[in-house]
Every structure is written in C-alpha cells, then in structure tokens.
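Heads up, the thing below is written out as structure tokens.
All residue numbers in this chain count up from 1 along the given sequence. Heavy-atom basis, side chains included; hydrogens, waters and symmetry copies ignored.
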Amino acid sequence: MTGWLEKLLHVDSTIELWWVIFGFAAQAMFTMRFLVQWIASERAKDSVMPVAFWYFSLAGGLMLLAYALYRADPVFILGQALGVIIYFRNLTLIRRAKRRPEL
C-alpha cells in the first residue's frame with residue numbers, strides 16, 4: 001500500500017487501512033441522518049423526524065460500533081451500543097404505531 005496514505009491515516013497495515021476506510025464510511029452513514037432530517041424539516045417548514053433518520057442512525061450506529069469493537073475503544077463502544085439500542089427501539093415503536101387501527 002502507499003506509504004504516504006498509511007502515514008496520513010496512522011495505520012500500519014492494509015487491514016488497518018480498510019478498517020479506517022470503513023470507519024469513514026460509517027461516519028458518513030451516520031451523518032446522513034442529519035441531512036435527511038434537515039431536508040425533511042425544510043420541506044415541511046417545521047421540525048420533523050422522518051423514519052429514514054432512524055434507519056440511517058441504526059445503520060451508521062452499527063457500523064461505528066463494529067469499528068469501535070475492532071479498535072477496542074471502551075468509551076466509543078459504550079456510546080455506540082447505547083445508541084443502537086435507542087435507534088432500534090424507536091423503529092420498533094414506529095412499526096407498532098403503524099399497525100394500530102385508527103381510533
């Protein structure tokens with residue numbers, strides 16, 4: 001692998017480089033949730049939380065959790081694990097609400 005890229009990203013091997021690239025992709029996925037929420041709010045001219053926000057949160061959170069586990073960072077692991085539980089729970093509540101008959 002190119003030495004300058006490994007040096008720039010502070011990695012010592014090709015596998016480390018791929019994990020850093022995965023980490024960047026995970027962060028991009030996580031960031032998409034804010035863009036989705038912002039666009040939906042601008043269109044509605046009100047603060048709204050689209051379901052896609054929770055899907056991007058869950059996907060990005062799971063990817064960041066995998067990265068944190070690989071890096072063995074206990075602070076990062078705890079923060080992402082809790083977030084993943086919250087995102088999953090919100091999606092579960094949304095699905096349940098859609099199944100309830102209208103009163």
Side-chain angles (χ1 to χ4, degrees):
M1 197 60 24
T2 50
W4 69 269
L5 186 58
E6 289 177 341
K7 188 173 185 172
L8 176 71
L9 297 175
H10 304 283
V11 296
D12 298 326
S13 67
T14 302
I15 205 86
E16 287 284 322
L17 177 62
W18 281 110
W19 271 107
V20 170
I21 291 169
F22 179 82
F24 280 126
Q27 191 59 53
M29 178 70 70
F30 203 65
T31 300
M32 283 301 299
R33 69 195 193 130
F34 294 117
L35 294 175
V36 165
Q37 192 273 331
W38 181 26
I39 291 167
S41 293
E42 289 295 332
R43 286 182 178 163
K45 303 289 187 227
D46 191 16
S47 182
V48 296
M49 192 68 61
V51 175
F53 175 89
W54 298 112
Y55 282 109
F56 276 112
S57 296
L58 183 61
L62 284 169
M63 291 171 73
L64 286 170
L65 178 59
Y67 183 72
L69 288 166
Y70 176 75
R71 292 289 184 177
D73 184 326
V75 174
F76 199 13
I77 291 167
L78 180 62
Q80 291 305 315
L82 180 59
V84 165
I85 292 167
I86 293 167
Y87 310 141
F88 183 78
R89 179 66 178 148
N90 274 286
L91 286 168
T92 302
L93 293 171
I94 290 167
R95 272 193 225 109
R96 278 190 196 154
K98 286 183 179 180
R99 283 192 228 145
R100 272 189 240 133
E102 295 291 322
L103 297 176

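The CD1 atom of I94 sits 7.5 Å away from atom OH of Y55, with the distance rounded to the nearest 0.5 Å. Here the CE atom belonging to M29 is positioned 10.0 Å from the CG atom belonging to L64, to the nearest 0.5 angstrom. Interatomic distance, CH2 of W4 versus CG of L9, reported as 8.0 Å (0.5 Å rounding). Taking CG of L58 as the reference point, atom CZ of F30 lies at 10.0 Å (rounded to 0.5 Å). Separating the CG atom in L91 from the CD1 atom in I86 is a distance of 12.5 Å, to the nearest 0.5 Å. Between the CG atom of L65 and the CD1 atom of I85 there is a distance of 9.5 Å, given to the nearest 0.5 Å.
Partners of S41 under the side-chain hydrogen bond (donor to acceptor under 3.5 Å, both in side chains) rule, at least two apart in sequence or in another chain, are Q37.
D12 and E16 make their closest contact through N-CB, 4.2 Å (heavy atoms, listed as atom of the first residue, atom of the second, distance). Nearest heavy atoms, S13 versus E6: C-OE2, 3.8 Å.
In this pair, W19 and Y70 present their aromatic rings parallel. The plane angle is below 30°, not in the 30 to 60° band. Ring pair Y67/F76 is perpendicular by interplanar angle, where above 60° counts as perpendicular and below 30° as parallel.
With contacts defined as side-chain heavy-atom distances shorter than 4.5 Å, the pair L93/W54 does not qualify. Side-chain contact between F88 and L62 is absent, with no heavy atoms from C-beta onward closer than 4.5 Å. Side-chain contact between Y87 and N90: absent, with no pair of heavy atoms (C-beta onward) separated by less than 4.5 Å. Side-chain atoms of V20 and R71, non-hydrogen and from C-beta on, do get closer than 4.5 Å to each other.
L5 is connected to V11 through a chain of hydrophobic side-chain contacts under 4.5 Å among Ile, Leu, Val, Met, Phe, Trp and Tyr, so both are in one cluster. When the side chains of ILVMFWY residues are joined at heavy-atom separations under 4.5 Å, either directly or via intervening members, V75 and I77 end up in two distinct hydrophobic clusters. In the hydrophobic cluster analysis, where Ile, Leu, Val, Met, Phe, Trp and Tyr join through side-chain heavy atoms closer than 4.5 angstrom, V36 is grouped apart from I39. Residues M32 and V51 share a single hydrophobic cluster, defined by chaining ILVMFWY side chains whose heavy atoms lie under 4.5 Å apart. Connection of W38 to F53 is established within a shared hydrophobic cluster, with ILVMFWY side chains joined at heavy-atom distances below 4.5 Å, either directly or through further cluster members.
Residue L8 places its CG atom among more than 12 non-hydrogen atoms of other residues, nucleotides or ligands, all under 6.0 Å distant.
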